[in-house]
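Down below is the structure, laid out as C-alpha coordinates.
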2 protein chains.
Amino acid sequence: MSISARPTASSPSDTTASAHDRVYRALRARIMYGDIAPGEALTLRGIGREYEVSMTPAREALRRLVAEGALSLSSSGRVATPELSNERIEELAALRALLEVELSSRALPRAHMALIDRLQSINLAIAEMVSKRDAVGYIRTNLEFHRTLYLRAQAPAMLAMAETVWLQLGPTMRALYGRLRRTDPPQNHRLIIAALKAGDEPGLRLAVRSDVTQGLRLLVV
Amino acid sequence: MSISARPTASSPSDTTASAHDRVYRALRARIMYGDIAPGEALTLRGIGREYEVSMTPAREALRRLVAEGALSLSSSGRVATPELSNERIEELAALRALLEVELSSRALPRAHMALIDRLQSINLAIAEMVSKRDAVGYIRTNLEFHRTLYLRAQAPAMLAMAETVWLQLGPTMRALYGRLRRTDPPQNHRLIIAALKAGDEPGLRLAVRSDVTQGLRLLVV
DNA sequence: TCCGCAAACTTGTGATCACAGGATAGGAAA
DNA sequence: TTTCCTATCCTGTGATCACAAGTTTGCGGA
(Lines give C-alpha, C1' and ligand atoms only; values in the text may rest on other atoms or scores of the structure.)
Protein backbone atom coordinates (compact mmCIF):
# COMPACT_ATOMS: atom_id res chain seq x y z
CA MET A 1 0.00 0.00 0.00
CA SER A 2 2.67 2.45 0.91
CA ILE A 3 5.50 3.45 -1.34
CA SER A 4 7.96 1.37 0.62
CA ALA A 5 10.56 -0.60 -1.24
CA ARG A 6 9.75 -3.99 -2.63
CA PRO A 7 10.41 -6.87 -0.25
CA THR A 8 11.03 -9.18 -3.15
CA ALA A 9 14.62 -9.87 -3.95
CA SER A 10 15.47 -8.43 -0.54
CA SER A 11 19.14 -8.10 0.07
CA PRO A 12 19.71 -9.97 3.32
CA SER A 13 19.81 -6.90 5.50
CA ASP A 14 18.26 -3.87 3.88
CA THR A 15 19.75 -0.43 4.22
CA THR A 16 16.59 0.71 5.99
CA ALA A 17 17.52 0.07 9.60
CA SER A 18 14.07 0.53 11.04
CA ALA A 19 13.18 -2.38 13.24
CA HIS A 20 9.46 -2.47 12.64
CA ASP A 21 10.01 -2.13 8.91
CA ARG A 22 12.38 -5.06 8.86
CA VAL A 23 9.88 -7.21 10.74
CA TYR A 24 7.05 -6.00 8.52
CA ARG A 25 8.90 -6.84 5.35
CA ALA A 26 9.93 -10.25 6.55
CA LEU A 27 6.43 -11.18 7.65
CA ARG A 28 4.88 -9.71 4.54
CA ALA A 29 7.03 -11.85 2.31
CA ARG A 30 6.33 -14.95 4.36
CA ILE A 31 2.59 -14.35 4.18
CA MET A 32 2.45 -13.37 0.52
CA TYR A 33 4.44 -16.38 -0.57
CA GLY A 34 2.39 -18.83 1.40
CA ASP A 35 4.97 -19.64 4.03
CA ILE A 36 2.37 -19.34 6.77
CA ALA A 37 -0.62 -21.64 6.84
CA PRO A 38 -4.16 -20.23 7.00
CA GLY A 39 -5.36 -19.96 10.58
CA GLU A 40 -1.87 -19.89 12.04
CA ALA A 41 -1.67 -17.61 15.06
CA LEU A 42 1.02 -15.03 15.69
CA THR A 43 1.91 -13.57 19.07
CA LEU A 44 3.57 -10.26 19.76
CA ARG A 45 6.20 -11.67 22.04
CA GLY A 46 6.79 -14.58 19.70
CA ILE A 47 7.48 -12.28 16.77
CA GLY A 48 9.65 -10.16 18.97
CA ARG A 49 11.70 -13.13 20.06
CA GLU A 50 12.04 -14.42 16.52
CA TYR A 51 13.29 -11.15 15.07
CA GLU A 52 15.07 -9.99 18.21
CA VAL A 53 13.08 -6.87 18.76
CA SER A 54 10.84 -5.73 21.56
CA MET A 55 7.07 -5.86 21.52
CA THR A 56 6.69 -2.36 20.15
CA PRO A 57 8.04 -2.86 16.62
CA ALA A 58 6.47 -6.32 16.48
CA ARG A 59 3.12 -4.84 17.30
CA GLU A 60 3.47 -2.15 14.67
CA ALA A 61 4.39 -4.65 11.99
CA LEU A 62 1.47 -6.88 12.88
CA ARG A 63 -0.94 -4.01 13.04
CA ARG A 64 0.13 -2.80 9.64
CA LEU A 65 -0.40 -6.23 8.18
CA VAL A 66 -3.82 -6.33 9.76
CA ALA A 67 -4.61 -2.97 8.20
CA GLU A 68 -3.69 -4.39 4.81
CA GLY A 69 -5.92 -7.41 5.29
CA ALA A 70 -3.00 -9.82 5.39
CA LEU A 71 -3.85 -10.84 8.93
CA SER A 72 -7.16 -10.90 10.70
CA LEU A 73 -7.37 -10.05 14.33
CA SER A 74 -10.02 -12.14 16.00
CA SER A 75 -12.11 -10.96 18.88
CA SER A 76 -9.97 -9.64 21.69
CA GLY A 77 -6.84 -8.87 19.83
CA ARG A 78 -5.47 -12.24 18.86
CA VAL A 79 -4.00 -12.03 15.43
CA ALA A 80 -3.79 -14.87 12.95
CA THR A 81 -3.60 -15.41 9.22
CA PRO A 82 -7.16 -15.56 7.91
CA GLU A 83 -9.05 -18.55 6.56
CA LEU A 84 -10.89 -17.20 3.57
CA SER A 85 -14.47 -18.09 2.75
CA ASN A 86 -15.37 -19.08 -0.77
CA GLU A 87 -17.16 -15.81 -1.41
CA ARG A 88 -14.09 -13.93 -0.27
CA ILE A 89 -11.83 -15.95 -2.52
CA GLU A 90 -14.08 -15.33 -5.49
CA GLU A 91 -14.21 -11.65 -4.73
CA LEU A 92 -10.45 -11.39 -4.45
CA ALA A 93 -10.06 -13.29 -7.69
CA ALA A 94 -12.42 -10.85 -9.39
CA LEU A 95 -10.37 -8.03 -7.93
CA ARG A 96 -7.19 -9.56 -9.29
CA ALA A 97 -8.79 -9.83 -12.71
CA LEU A 98 -10.02 -6.28 -12.62
CA LEU A 99 -6.74 -4.73 -11.51
CA GLU A 100 -4.28 -6.92 -13.32
CA VAL A 101 -6.05 -6.80 -16.66
CA GLU A 102 -5.89 -3.03 -16.46
CA LEU A 103 -2.25 -3.09 -15.38
CA SER A 104 -1.22 -5.38 -18.19
CA SER A 105 -3.12 -3.29 -20.66
CA ARG A 106 -1.26 -0.21 -19.50
CA ALA A 107 2.05 -2.03 -19.64
CA LEU A 108 1.52 -3.21 -23.20
CA PRO A 109 2.56 -0.06 -25.08
CA ARG A 110 5.72 0.17 -22.99
CA ALA A 111 6.77 -3.45 -23.27
CA HIS A 112 10.16 -3.64 -24.93
CA MET A 113 12.04 -6.74 -25.95
CA ALA A 114 14.13 -6.62 -22.79
CA LEU A 115 11.00 -6.99 -20.70
CA ILE A 116 9.83 -9.97 -22.70
CA ASP A 117 13.22 -11.62 -22.31
CA ARG A 118 13.05 -11.08 -18.60
CA LEU A 119 9.56 -12.54 -18.43
CA GLN A 120 10.68 -15.59 -20.32
CA SER A 121 13.58 -16.20 -17.98
CA ILE A 122 11.23 -15.88 -15.00
CA ASN A 123 9.06 -18.45 -16.70
CA LEU A 124 11.98 -20.84 -16.74
CA ALA A 125 12.44 -20.27 -13.05
CA ILE A 126 8.78 -21.04 -12.48
CA ALA A 127 9.09 -24.32 -14.37
CA GLU A 128 12.07 -25.19 -12.22
CA MET A 129 10.13 -24.51 -9.03
CA VAL A 130 7.33 -26.72 -10.29
CA SER A 131 9.71 -29.56 -11.00
CA LYS A 132 11.28 -29.13 -7.58
CA ARG A 133 7.84 -29.20 -5.93
CA ASP A 134 8.81 -25.97 -4.18
CA ALA A 135 5.47 -24.37 -3.31
CA VAL A 136 6.80 -21.17 -1.76
CA GLY A 137 9.29 -20.72 -4.57
CA TYR A 138 6.59 -21.30 -7.13
CA ILE A 139 4.30 -18.68 -5.66
CA ARG A 140 7.15 -16.21 -5.33
CA THR A 141 8.41 -16.52 -8.89
CA ASN A 142 4.89 -16.57 -10.26
CA LEU A 143 4.11 -13.27 -8.56
CA GLU A 144 7.46 -11.95 -9.71
CA PHE A 145 6.35 -12.62 -13.28
CA HIS A 146 3.24 -10.55 -12.78
CA ARG A 147 5.01 -7.80 -10.89
CA THR A 148 7.68 -7.48 -13.54
CA LEU A 149 5.05 -6.99 -16.18
CA TYR A 150 2.96 -4.57 -14.16
CA LEU A 151 5.89 -2.41 -13.16
CA ARG A 152 5.91 -1.23 -16.75
CA ALA A 153 2.42 0.15 -16.36
CA GLN A 154 3.82 3.08 -14.36
CA ALA A 155 0.84 2.91 -12.04
CA PRO A 156 2.20 2.53 -8.53
CA ALA A 157 -1.09 2.90 -6.68
CA MET A 158 -2.73 0.29 -8.85
CA LEU A 159 0.19 -2.08 -8.43
CA ALA A 160 0.12 -1.57 -4.69
CA MET A 161 -3.53 -2.56 -4.63
CA ALA A 162 -2.82 -5.66 -6.67
CA GLU A 163 -0.08 -6.60 -4.22
CA THR A 164 -2.47 -6.12 -1.34
CA VAL A 165 -4.76 -8.63 -2.95
CA TRP A 166 -1.86 -11.05 -3.38
CA LEU A 167 -1.08 -10.57 0.26
CA GLN A 168 -4.61 -11.42 1.28
CA LEU A 169 -4.58 -14.50 -0.89
CA GLY A 170 -1.12 -15.60 0.20
CA PRO A 171 -1.95 -18.09 2.94
CA THR A 172 -4.69 -19.55 0.78
CA MET A 173 -2.53 -19.69 -2.32
CA ARG A 174 -0.41 -22.30 -0.68
CA ALA A 175 -3.38 -24.63 -0.47
CA LEU A 176 -3.91 -24.10 -4.17
CA TYR A 177 -0.48 -25.43 -4.99
CA GLY A 178 -1.30 -28.82 -3.57
CA ARG A 179 -3.98 -29.32 -6.20
CA LEU A 180 -2.36 -28.28 -9.43
CA ARG A 181 0.26 -30.99 -9.53
CA ARG A 182 2.62 -30.18 -12.34
CA THR A 183 -0.18 -29.46 -14.82
CA ASP A 184 -0.08 -25.71 -14.72
CA PRO A 185 3.37 -24.52 -15.64
CA PRO A 186 3.63 -21.38 -17.68
CA GLN A 187 0.69 -22.28 -19.91
CA ASN A 188 -1.10 -18.95 -19.60
CA HIS A 189 2.13 -17.12 -19.14
CA ARG A 190 3.13 -18.15 -22.62
CA LEU A 191 -0.11 -16.74 -23.95
CA ILE A 192 0.65 -13.49 -22.15
CA ILE A 193 4.09 -13.28 -23.68
CA ALA A 194 2.74 -14.09 -27.13
CA ALA A 195 0.15 -11.34 -26.83
CA LEU A 196 2.83 -8.91 -25.67
CA LYS A 197 4.97 -9.74 -28.68
CA ALA A 198 2.05 -9.34 -31.05
CA GLY A 199 0.87 -6.12 -29.43
CA ASP A 200 -2.51 -7.80 -29.17
CA GLU A 201 -4.36 -5.99 -26.41
CA PRO A 202 -7.60 -7.99 -26.35
CA GLY A 203 -5.57 -11.18 -26.34
CA LEU A 204 -3.42 -9.90 -23.52
CA ARG A 205 -6.42 -8.95 -21.41
CA LEU A 206 -7.94 -12.35 -21.95
CA ALA A 207 -4.74 -14.22 -21.16
CA VAL A 208 -4.16 -12.28 -17.95
CA ARG A 209 -7.75 -12.74 -16.90
CA SER A 210 -7.62 -16.50 -17.31
CA ASP A 211 -4.20 -16.82 -15.70
CA VAL A 212 -5.43 -14.95 -12.68
CA THR A 213 -8.87 -16.52 -12.47
CA GLN A 214 -8.29 -20.10 -13.39
CA GLY A 215 -5.95 -21.01 -10.59
CA LEU A 216 -8.14 -19.54 -7.90
CA ARG A 217 -11.14 -21.41 -9.26
CA LEU A 218 -9.60 -24.64 -8.04
CA LEU A 219 -9.83 -23.36 -4.50
CA VAL A 220 -13.55 -22.84 -4.48
CA VAL A 221 -14.87 -26.18 -3.36
CA MET B 1 -8.82 -2.01 4.23
CA SER B 2 -9.77 -4.04 7.23
CA ILE B 3 -13.25 -5.20 8.07
CA SER B 4 -13.59 -2.62 10.80
CA ALA B 5 -16.88 -0.85 11.28
CA ARG B 6 -17.73 2.18 9.24
CA PRO B 7 -16.57 5.48 10.69
CA THR B 8 -19.37 7.28 8.91
CA ALA B 9 -22.37 8.07 11.04
CA SER B 10 -20.17 7.43 14.09
CA SER B 11 -22.08 7.49 17.30
CA PRO B 12 -20.13 9.94 19.48
CA SER B 13 -18.35 7.29 21.49
CA ASP B 14 -18.33 3.91 19.81
CA THR B 15 -18.76 0.71 21.73
CA THR B 16 -15.25 -0.30 20.72
CA ALA B 17 -13.24 1.01 23.61
CA SER B 18 -9.83 0.62 22.02
CA ALA B 19 -7.88 3.83 22.19
CA HIS B 20 -5.89 3.49 19.01
CA ASP B 21 -9.01 2.51 17.13
CA ARG B 22 -10.87 5.56 18.30
CA VAL B 23 -8.02 7.79 17.22
CA TYR B 24 -7.73 5.94 13.92
CA ARG B 25 -11.40 6.32 13.13
CA ALA B 26 -11.48 9.98 14.02
CA LEU B 27 -8.44 10.80 11.92
CA ARG B 28 -9.63 8.63 9.06
CA ALA B 29 -12.91 10.48 8.87
CA ARG B 30 -11.18 13.84 9.04
CA ILE B 31 -8.82 12.90 6.24
CA MET B 32 -11.38 11.24 4.00
CA TYR B 33 -13.77 14.14 4.23
CA GLY B 34 -11.16 16.74 3.49
CA ASP B 35 -10.95 18.26 6.93
CA ILE B 36 -7.16 18.26 6.78
CA ALA B 37 -5.35 20.27 4.15
CA PRO B 38 -2.80 18.62 1.87
CA GLY B 39 0.70 18.93 3.28
CA GLU B 40 -0.50 19.44 6.83
CA ALA B 41 1.85 17.80 9.32
CA LEU B 42 0.81 15.63 12.21
CA THR B 43 2.88 14.92 15.29
CA LEU B 44 2.61 11.98 17.60
CA ARG B 45 2.48 14.03 20.74
CA GLY B 46 0.08 16.47 19.15
CA ILE B 47 -2.37 13.72 18.26
CA GLY B 48 -1.94 12.24 21.69
CA ARG B 49 -2.73 15.53 23.36
CA GLU B 50 -5.73 16.15 21.12
CA TYR B 51 -7.33 12.78 21.76
CA GLU B 52 -6.05 12.40 25.32
CA VAL B 53 -4.04 9.28 24.75
CA SER B 54 -0.36 8.53 25.05
CA MET B 55 2.05 8.33 22.17
CA THR B 56 1.58 4.60 21.70
CA PRO B 57 -1.99 4.53 20.38
CA ALA B 58 -1.39 7.74 18.46
CA ARG B 59 1.55 6.15 16.74
CA GLU B 60 -0.42 3.06 15.85
CA ALA B 61 -3.27 5.06 14.38
CA LEU B 62 -0.89 7.15 12.33
CA ARG B 63 1.07 4.18 11.17
CA ARG B 64 -2.07 2.44 10.04
CA LEU B 65 -3.14 5.47 8.07
CA VAL B 66 0.28 5.58 6.48
CA ALA B 67 -0.07 1.92 5.53
CA GLU B 68 -3.34 2.73 3.80
CA GLY B 69 -1.79 5.60 1.88
CA ALA B 70 -3.85 8.22 3.67
CA LEU B 71 -0.72 9.81 5.06
CA SER B 72 2.77 9.93 3.70
CA LEU B 73 5.71 9.78 5.99
CA SER B 74 8.52 11.91 4.68
CA SER B 75 12.15 11.11 5.15
CA SER B 76 12.97 10.44 8.78
CA GLY B 77 9.59 9.67 10.12
CA ARG B 78 7.70 12.92 9.88
CA VAL B 79 4.17 12.22 8.86
CA ALA B 80 1.91 14.54 6.90
CA THR B 81 -1.06 14.38 4.59
CA PRO B 82 0.27 13.96 1.07
CA GLU B 83 0.23 16.45 -1.77
CA LEU B 84 -0.68 14.41 -4.79
CA SER B 85 0.99 14.81 -8.15
CA ASN B 86 -1.14 15.04 -11.26
CA GLU B 87 -0.17 11.56 -12.36
CA ARG B 88 -1.16 10.20 -9.00
CA ILE B 89 -4.51 11.95 -9.12
CA GLU B 90 -5.20 10.58 -12.57
CA GLU B 91 -4.23 7.11 -11.47
CA LEU B 92 -6.46 7.25 -8.44
CA ALA B 93 -9.32 8.52 -10.57
CA ALA B 94 -8.82 5.60 -12.93
CA LEU B 95 -8.84 3.30 -9.95
CA ARG B 96 -12.08 4.81 -8.73
CA ALA B 97 -13.61 4.30 -12.14
CA LEU B 98 -12.42 0.72 -12.33
CA LEU B 99 -13.61 -0.29 -8.88
CA GLU B 100 -16.78 1.72 -8.61
CA VAL B 101 -18.10 0.82 -12.03
CA GLU B 102 -17.73 -2.82 -11.07
CA LEU B 103 -19.31 -2.24 -7.67
CA SER B 104 -22.30 -0.43 -9.12
CA SER B 105 -22.71 -3.14 -11.71
CA ARG B 106 -22.80 -5.76 -8.98
CA ALA B 107 -25.24 -3.71 -6.96
CA LEU B 108 -27.66 -3.28 -9.84
CA PRO B 109 -29.48 -6.63 -9.65
CA ARG B 110 -29.96 -6.19 -5.90
CA ALA B 111 -31.19 -2.61 -6.00
CA HIS B 112 -34.69 -2.46 -4.57
CA MET B 113 -36.94 0.57 -4.37
CA ALA B 114 -35.94 1.21 -0.76
CA LEU B 115 -32.35 1.69 -1.87
CA ILE B 116 -33.34 4.15 -4.57
CA ASP B 117 -35.42 6.12 -2.11
CA ARG B 118 -32.48 6.29 0.23
CA LEU B 119 -30.18 7.44 -2.55
CA GLN B 120 -32.61 10.17 -3.48
CA SER B 121 -32.80 11.45 0.06
CA ILE B 122 -29.02 11.50 0.25
CA ASN B 123 -29.07 13.51 -2.93
CA LEU B 124 -31.24 16.09 -1.22
CA ALA B 125 -28.72 16.27 1.59
CA ILE B 126 -25.96 16.82 -0.95
CA ALA B 127 -27.87 19.69 -2.55
CA GLU B 128 -28.28 21.20 0.90
CA MET B 129 -24.55 20.97 1.59
CA VAL B 130 -23.86 22.67 -1.71
CA SER B 131 -26.21 25.52 -0.90
CA LYS B 132 -24.62 25.87 2.52
CA ARG B 133 -21.14 25.96 0.98
CA ASP B 134 -20.17 23.20 3.41
CA ALA B 135 -17.19 21.52 1.77
CA VAL B 136 -16.63 18.80 4.35
CA GLY B 137 -20.33 18.03 4.52
CA TYR B 138 -20.52 17.89 0.75
CA ILE B 139 -17.70 15.40 0.47
CA ARG B 140 -19.11 13.29 3.26
CA THR B 141 -22.62 13.04 1.89
CA ASN B 142 -21.34 12.53 -1.62
CA LEU B 143 -19.27 9.56 -0.49
CA GLU B 144 -22.22 8.33 1.52
CA PHE B 145 -24.22 8.22 -1.69
CA HIS B 146 -21.63 6.02 -3.31
CA ARG B 147 -21.12 3.84 -0.28
CA THR B 148 -24.86 3.26 0.11
CA LEU B 149 -25.06 2.05 -3.45
CA TYR B 150 -21.95 -0.12 -3.28
CA LEU B 151 -22.95 -1.77 -0.04
CA ARG B 152 -25.56 -3.61 -2.06
CA ALA B 153 -22.84 -5.19 -4.18
CA GLN B 154 -22.01 -7.57 -1.33
CA ALA B 155 -18.33 -7.22 -2.10
CA PRO B 156 -16.62 -6.05 1.08
CA ALA B 157 -13.04 -6.35 -0.14
CA MET B 158 -13.82 -4.34 -3.24
CA LEU B 159 -15.63 -1.70 -1.23
CA ALA B 160 -12.73 -1.50 1.18
CA MET B 161 -10.37 -0.83 -1.70
CA ALA B 162 -12.63 1.89 -3.05
CA GLU B 163 -12.69 3.49 0.38
CA THR B 164 -8.93 3.35 0.52
CA VAL B 165 -8.84 5.33 -2.71
CA TRP B 166 -11.28 7.85 -1.27
CA LEU B 167 -9.02 8.14 1.72
CA GLN B 168 -6.01 8.86 -0.44
CA LEU B 169 -7.94 11.47 -2.38
CA GLY B 170 -9.47 13.05 0.71
CA PRO B 171 -7.10 15.93 1.35
CA THR B 172 -7.04 16.71 -2.36
CA MET B 173 -10.79 16.45 -2.73
CA ARG B 174 -11.18 19.50 -0.58
CA ALA B 175 -9.28 21.57 -3.10
CA LEU B 176 -11.65 20.31 -5.77
CA TYR B 177 -14.63 21.73 -3.98
CA GLY B 178 -13.33 25.25 -4.32
CA ARG B 179 -13.54 25.01 -8.08
CA LEU B 180 -16.96 23.55 -8.73
CA ARG B 181 -18.99 26.40 -7.32
CA ARG B 182 -22.57 25.26 -7.16
CA THR B 183 -22.56 23.89 -10.70
CA ASP B 184 -22.24 20.23 -9.91
CA PRO B 185 -25.08 19.18 -7.67
CA PRO B 186 -26.50 15.75 -8.19
CA GLN B 187 -26.33 15.92 -11.98
CA ASN B 188 -24.63 12.57 -12.49
CA HIS B 189 -26.25 11.15 -9.42
CA ARG B 190 -29.61 11.57 -11.07
CA LEU B 191 -28.34 9.66 -14.08
CA ILE B 192 -27.20 6.89 -11.76
CA ILE B 193 -30.60 6.70 -10.12
CA ALA B 194 -32.36 6.70 -13.47
CA ALA B 195 -30.19 3.85 -14.70
CA LEU B 196 -30.88 1.93 -11.49
CA LYS B 197 -34.62 2.35 -11.94
CA ALA B 198 -34.44 1.24 -15.58
CA GLY B 199 -32.18 -1.70 -14.82
CA ASP B 200 -29.90 -0.28 -17.51
CA GLU B 201 -26.45 -1.69 -16.80
CA PRO B 202 -24.45 0.01 -19.57
CA GLY B 203 -26.07 3.31 -18.66
CA LEU B 204 -25.24 2.78 -15.01
CA ARG B 205 -21.62 1.99 -15.74
CA LEU B 206 -21.32 5.08 -17.87
CA ALA B 207 -22.99 7.33 -15.31
CA VAL B 208 -20.80 6.09 -12.48
CA ARG B 209 -17.69 6.44 -14.57
CA SER B 210 -18.42 10.05 -15.46
CA ASP B 211 -19.48 10.97 -11.94
CA VAL B 212 -16.24 9.60 -10.60
CA THR B 213 -13.97 10.88 -13.33
CA GLN B 214 -15.35 14.27 -14.17
CA GLY B 215 -14.86 15.87 -10.78
CA LEU B 216 -11.29 14.77 -10.45
CA ARG B 217 -10.50 16.08 -13.91
CA LEU B 218 -10.86 19.59 -12.58
CA LEU B 219 -7.95 18.98 -10.26
CA VAL B 220 -5.43 18.17 -12.94
CA VAL B 221 -3.99 21.54 -13.80
C1' DT C 1 -13.82 -42.01 34.75
C1' DC C 2 -15.68 -37.53 33.93
C1' DC C 3 -17.04 -32.83 35.00
C1' DG C 4 -16.21 -28.31 36.93
C1' DC C 5 -13.68 -24.78 38.99
C1' DA C 6 -9.71 -22.26 40.27
C1' DA C 7 -4.95 -20.96 39.85
C1' DA C 8 -1.11 -20.04 36.94
C1' DC C 9 0.25 -18.42 32.76
C1' DT C 10 0.05 -16.07 28.42
C1' DT C 11 -1.59 -12.37 25.70
C1' DG C 12 -2.64 -7.61 23.98
C1' DT C 13 -2.98 -2.69 25.57
C1' DG C 14 -1.35 1.58 26.82
C1' DA C 15 1.89 4.62 29.53
C1' DT C 16 6.37 6.19 30.34
C1' DC C 17 11.11 6.79 29.53
C1' DA C 18 15.86 7.22 27.46
C1' DC C 19 17.97 8.27 23.30
C1' DA C 20 19.38 9.90 18.81
C1' DG C 21 18.54 12.59 14.94
C1' DG C 22 16.67 16.59 12.66
C1' DA C 23 14.66 21.29 12.79
C1' DT C 24 14.85 25.88 14.46
C1' DA C 25 16.01 30.09 16.46
C1' DG C 26 19.25 33.28 18.07
C1' DG C 27 23.52 35.36 18.37
C1' DA C 28 28.13 36.41 16.54
C1' DA C 29 31.05 37.68 12.85
C1' DA C 30 31.78 39.81 8.39
C1' DT D 1 22.22 44.00 7.04
C1' DT D 2 23.32 39.38 5.91
C1' DT D 3 25.25 34.88 6.68
C1' DC D 4 26.71 31.06 9.28
C1' DC D 5 27.20 28.36 13.28
C1' DT D 6 25.74 26.56 17.58
C1' DA D 7 22.68 25.51 21.31
C1' DT D 8 18.09 24.29 22.33
C1' DC D 9 13.96 22.20 21.38
C1' DC D 10 11.08 18.92 19.25
C1' DT D 11 10.21 14.60 17.03
C1' DG D 12 10.08 9.61 16.11
C1' DT D 13 11.94 5.09 17.79
C1' DG D 14 12.18 1.31 20.60
C1' DA D 15 12.43 -0.81 25.35
C1' DT D 16 10.21 -1.77 29.53
C1' DC D 17 6.57 -2.05 32.71
C1' DA D 18 1.92 -2.45 34.99
C1' DC D 19 -2.48 -4.12 34.15
C1' DA D 20 -6.56 -6.49 32.62
C1' DA D 21 -8.56 -10.09 30.06
C1' DG D 22 -8.46 -14.43 28.04
C1' DT D 23 -6.57 -19.23 27.83
C1' DT D 24 -4.81 -23.29 29.56
C1' DT D 25 -3.68 -26.56 33.10
C1' DG D 26 -4.41 -29.31 36.83
C1' DC D 27 -6.64 -30.68 40.91
C1' DG D 28 -10.63 -32.06 43.48
C1' DG D 29 -15.25 -33.91 43.84
C1' DA D 30 -19.05 -36.65 42.07
Side-chain angles (χ1 to χ4, degrees), chain A residues 1-5 7 13-28 31 36-37 39-83, chain B residues 1-5 7 13-28 31 36-37 39-83:
Chain A
M1 190 66 40
S2 71
I3 330 89
S4 65
S13 71
D14 213 314
T15 53
T16 319
S18 171
H20 73 261
D21 212 55
R22 184 167 51 84
V23 176
Y24 165 77
R25 294 238 263 276
L27 285 176
R28 182 181 202 264
I31 295 171
I36 304 184
E40 199 170 327
L42 297 176
T43 69
L44 246 43
R45 290 170 174 83
I47 300 290
R49 218 175 303 123
E50 184 173 356
Y51 292 94
E52 292 177 350
V53 294
S54 85
M55 285 170 54
T56 313
R59 179 157 39 150
E60 299 189 5
L62 251 52
R63 198 167 288 286
R64 180 165 170 190
L65 289 165
V66 169
E68 289 173 354
L71 297 173
S72 71
L73 86 161
S74 68
S75 65
S76 73
R78 307 311 245 281
V79 60
T81 134
E83 309 189 62
Chain B
M1 188 69 36
S2 72
I3 330 90
S4 64
S13 71
D14 214 315
T15 53
T16 320
S18 170
H20 74 263
D21 212 56
R22 184 167 51 85
V23 176
Y24 165 77
R25 294 239 262 276
L27 285 176
R28 182 181 203 264
I31 295 171
I36 303 185
E40 199 169 328
L42 297 176
T43 70
L44 247 41
R45 290 170 176 83
I47 300 291
R49 218 175 302 124
E50 184 172 358
Y51 292 94
E52 292 178 349
V53 294
S54 83
M55 285 170 54
T56 314
R59 177 155 41 148
E60 299 189 7
L62 250 51
R63 198 167 288 286
R64 181 165 170 190
L65 289 165
V66 168
E68 290 173 355
L71 297 173
S72 72
L73 86 161
S74 68
S75 64
S76 72
R78 306 311 244 280
V79 60
T81 134
E83 308 189 61

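Computed from a predicted structure; not experimentally measured. A note on names: the letters A, B, ... follow the listed sequences, proteins ahead of strands, and every chain is numbered from 1.
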Task: From Ile31(A) atom CD1 to Tyr24(A) atom OH, the distance as rounded to the nearest 0.5 Å - done: 9.0 Å

- [ ] Taking heavy atoms of chain B and a 4.0 Å limit, find me the 5'-most and 3'-most nucleotide of DNA chain D within that range.
- [x] dT11(D) to dG14(D)

Open item on the list: What contact category does Leu62(A) fall into here, base, sugar-phosphate, or nothing, at under 4.0 angstrom with non-hydrogen atoms?
Closed with: nothing

Open item on the list: Under 4.0 Å, heavy atom to any atom of DNA chain C: which of residues 44-52 of chain B qualify?
Closed with: none

Task: Contact under 4.0 Å: Arg63(A) side-chain N or O vs dT13(C) OP1/OP2 - done: yes

Open item on the list: In the structure I gave you, are the side-chain heavy atoms of Leu62(A) and Leu73(A) within less than 4.5 Å of one another anywhere?
Closed with: no

Task: Residues which pass side-chain hydrogen bond (donor to acceptor under 3.5 Å, both in side chains) with Arg63(A), listed by chain and number, not counting sequence neighbours - done: His20(B), Glu60(B)

TODO: Pick base, sugar-phosphate or nothing for Arg78(A), based on heavy-atom distances below 4.0 Å to the nucleic acid.
DONE: sugar-phosphate

Open item on the list: How close do Ala80(A) and Gly39(A) get, counting heavy atoms only, and between which atoms?
Closed with: CB-O, 4.1 Å

Task: Distance (rounded to the nearest 0.5 Å) between Leu42(A) CG and Leu27(A) CG - done: 6.5 Å

Task: Spacing between Glu60(A) atom CD and dG12(C) atom P, to the nearest angstrom - done: 15 Å

Open item on the list: Once side-chain contact (heavy atoms from CB on, under 4.5 Å) is applied, do any residues pair with Glu40(B), and if so which ones, sequence neighbours excluded?
Closed with: Ile36(B), Ala37(B), Thr81(B)

TODO: Remember a base hit wins even if backbone is also touched, and classify Leu73(A) as base, sugar-phosphate or nothing at under 4.0 Å, heavy atoms.
DONE: nothing

- [ ] Describe the nucleic acid contact of Thr56(A) in one word from base, sugar-phosphate, nothing, applying a heavy-atom distance below 4.0 Å.
- [x] base

Task: Pair Asp21(A) + Arg64(A), salt bridge at N-O below 4.0 Å - done: yes

Listed pairs under 3.5 Å, donor-acceptor, residues 48-57 of chain A side chains, sequence neighbours left out:
unit_1	atom_1	unit_2	atom_2	d
Glu50(A)	OE2	Arg30(A)	NH1	3.1
Ser54(A)	OG	Thr56(A)	N	3.2

